[in-house]
Amino acid sequence: MKKIVVLVSGGGTNLQALIDAQGKGELTGGSITCVVSSNPNAYALKRAEQNGIETEVIRRRDFDSQDQYDEALTALLKGKDADLIVLAGFMTILGKKVISAFENRIINIHPALIPSFCGEGYYGLRVHEEALKKGVKVTGATAHFVNEVCDGGPIILQKAVEVRFGDTPEVLQKRVMEQAEWKILPKAVALFCEDKIKVHGNCTEILE
Ligand code: GAR
């Protein structure tokens with residue numbers, strides 16, 4: 001059984017989707033063993049507690065440098081014996097140390113169809129604001145492995161979502177979450193836990 005550690009910063013609806021998937025028996029091969037938050041007030045922590053999942057808080061601002069933070073986060077994740085790390089709305093940048101310690105074992109959910117509306121500065125509502133400004137008719141979500149390029153690692157799953165005229169960033173965010181994020185993130189995690197994702201350079205092969 002693979003140990004899944006979920007990193008969060010906010011509301012935790014993607015964490016909830018993972019917890020629900022686990023409850024429905026859809027995460028065979030894995031179990032959510034710990035939720036780590038960058039924010040002590042994140043509602044995601046409550047969701048974890050309500051479901052009897054161990055929690056930890058680690059804040060970037062408690063460390064003098066990115067290196068020290070990275071070192072501490074790597075030690076925390078290794079101490080939890082994590083097989084898979086899931087970034088579910090985790091808003092703190094990961095440094096090289098964590099990324100190389102868990103190569104192709106960190107999955108992120110991004111609220112757009114990468115390579116659109118991604119990279120540094122594109123997170124949360126900002127992503128949807130930019131999609132609406134550009135006037136795209138289709139957006140969506142991407143589950144991908146994390147490498148040293150921001151939002152640049154191998155793509156695992158993507159799902160498209162329609163943009164409607166008059167959408168606000170909040171309305172579009174909700175539609176992208178409901179129709180794409182909450183579906184493809186648990187699916188990507190399940191595939192990983194069943195050893196069904198094979199990485200070839202920057203591409204993935206789904207063994208189904
Ligand atoms: C989600 O939309 C997630 O895709 C996004 O933040 C939101 C977190 O919501 N992540 C990023 O923008 C990362 N670049 P949640 O806390 O309710 O899951």
Side-chain angles (χ1 to χ4, degrees), residues 4-22 27 32 34-51 53 55-60 73 84-95 98-99 106-134 136 138-163 167-189:
I4 306 166
V5 175
V6 185
L7 272 53
V8 297
S9 297
T13 63
N14 279 288
L15 167 66
Q16 190 66 52
L18 291 169
I19 293 171
D20 292 347
Q22 179 164 280
L27 292 189
I32 305 167
C34 185
V35 169
V36 178
S37 179
S38 62
N39 163 15
N41 301 314
Y43 186 69
L45 286 171
K46 294 235 160 45
R47 296 182 192 270
E49 283 157 16
Q50 282 160 7
N51 286 278
I53 302 167
T55 62
E56 297 278 354
V57 174
I58 180 166
R59 294 192 300 183
R60 169 67 184 85
L73 182 58
L84 171 66
I85 293 150
V86 181
L87 308 186
F90 188 64
M91 298 302 177
T92 306
I93 302 278
L94 295 185
V98 186
I99 294 171
I106 308 176
I107 293 178
N108 180 47
I109 182 74
H110 183 75
L113 293 174
I114 289 174
S116 289
F117 311 110
C118 66
E120 268 172 49
Y122 284 91
Y123 55 86
L125 266 187
R126 265 278 332 262
V127 177
H128 304 293
E129 281 163 12
E130 293 302 315
L132 290 172
K133 248 191 241 166
K134 184 66 192 172
V136 293
V138 172
T139 184
T142 304
H144 65 96
F145 284 119
V146 172
N147 67 10
E148 284 177 22
V149 181
C150 183
D151 295 328
I155 291 171
I156 303 165
L157 295 173
Q158 294 189 295
K159 190 161 189 293
V161 173
E162 170 199 17
V163 180
D167 275 349
T168 62
E170 290 79 5
V171 165
L172 183 57
Q173 179 183 52
K174 185 163 180 279
R175 190 179 311 124
V176 168
M177 283 176 156
E178 286 173 354
Q179 295 185 7
E181 295 184 47
W182 301 342
K183 294 186 189 325
I184 65 171
L185 182 61
K187 178 78 187 157
V189 169

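It should be emphasised that the depicted structure is a prediction, and the values quoted were computed from it without experimental measurement. Atom set for the values below is all heavy atoms of this structure, side chains included, hydrogens, waters and symmetry mates excluded. Just so you know, ligand 1 is whichever comes first in the structure, and atom 1 is the first atom listed for that ligand. We're numbering straight along the sequence, starting at 1.
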Undergrad: Hey, does E181 come in under 3.5 Å of ligand 1, counting only N/O atoms on both sides?
TA: yes
Undergrad: Surrounding NZ of K159 (heavy atoms of other residues, nucleotides or ligands, distance under 6.0 Å), is the total greater than 12?
TA: yes
Undergrad: Check K174 with E178, please: is the shortest side-chain N to carboxylate O separation under 4.0 Å?
TA: yes
Undergrad: Hey, is ligand 1 close enough to T13 that some N/O pair sits below 3.5 Å?
TA: yes
Undergrad: Of all the non-hydrogen atoms in the protein, which one sits nearest to atom 8 (C) of ligand 1, and at what distance?
TA: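 Nearest neighbour among protein heavy atoms for atom 8 (C) of ligand 1, to 0.1 Å: G89 CA, 3.6 Å.
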Undergrad: So does R126 pair up with E130, basic N to acidic O under 4.0 Å?
TA: yes
Undergrad: So, does R126 sit close enough to ligand 1 that a heavy atom of it is under 4.0 Å from the ligand?
TA: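 Per 4.0 Å heavy-atom rule, R126 does not contact ligand 1.
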Undergrad: Number the atoms of ligand 1 from 1 as they appear, then name those within less than 4.0 Å of a heavy atom of H110, with their elements.
TA: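 Those atoms are 14 (N).
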Undergrad: Could you list the atoms of ligand 1 found under 4.0 angstrom from a heavy atom of I109?
TA: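 Matching atoms, with element in brackets: 4 (O), 10 (N).
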Undergrad: Ligand 1 and N108, any nitrogen or oxygen pair closer than 3.5 angstrom?
TA: no
Undergrad: More than 12 non-hydrogen atoms from neighbouring residues, nucleotides or ligands closer than 6.0 Å to CG on L125, yes or no?
TA: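 Correct, the count exceeds 12.
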Undergrad: Consider side-chain contact (heavy atoms from CB on, under 4.5 Å). Of I53, V86, N51, which one does I32 pass it with?
TA: I53
Undergrad: Tell me whether ligand 1 is touched by Y122 - counting only heavy atoms on the residue side and a distance under 4.0 Å.
TA: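 Yes, that is the case, since the closest heavy atom of the residue is under 4.0 Å from the ligand.
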Undergrad: Any pair with a residue in residues 40-50 that passes salt bridge (charged side-chain N to carboxylate O under 4.0 Å, His left out), sequence neighbours left out, goes on the list, sorted by first then second residue, please.
TA: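 Every candidate salt bridge (charged side-chain N to carboxylate O under 4.0 Å, His left out) pair involving residues 40-50 fails, so no pair, neighbours aside, qualifies.
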Undergrad: Identify the closest protein heavy atom to atom 6 (O) of ligand 1: which residue and atom is it, and at what distance?
TA: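 Here the nearest protein heavy atom works out to M91 CE, 3.2 Å.
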Undergrad: Should G12 be counted as touching ligand 1, given the test is an N or O pair under 3.5 Å?
TA: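 N/O-N/O distance below 3.5 Å exists for this pair.
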Undergrad: Applying side-chain contact (heavy atoms from CB on, under 4.5 Å) to I109 and T142, what does each step give before you reach the verdict?
TA: CA-CA 6 Å; I109 182 74; T142 304; over 6 Å; no
Undergrad: Would one find more than 12 heavy atoms of other residues, nucleotides or ligands at under 6.0 Å from atom CD of Q50?
TA: yes
Undergrad: Taking only heavy atoms of M177, which atoms of ligand 1 are found under 4.0 Å from at least one of them?
TA: 1 (C), 2 (O), 9 (O), 17 (O)
Undergrad: Enumerate the atoms of ligand 1 whose separation from the nearest heavy atom of G124 is less than 4.0 angstrom.
TA: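 So the atoms of ligand 1 that pass are 11 (C), 12 (O).
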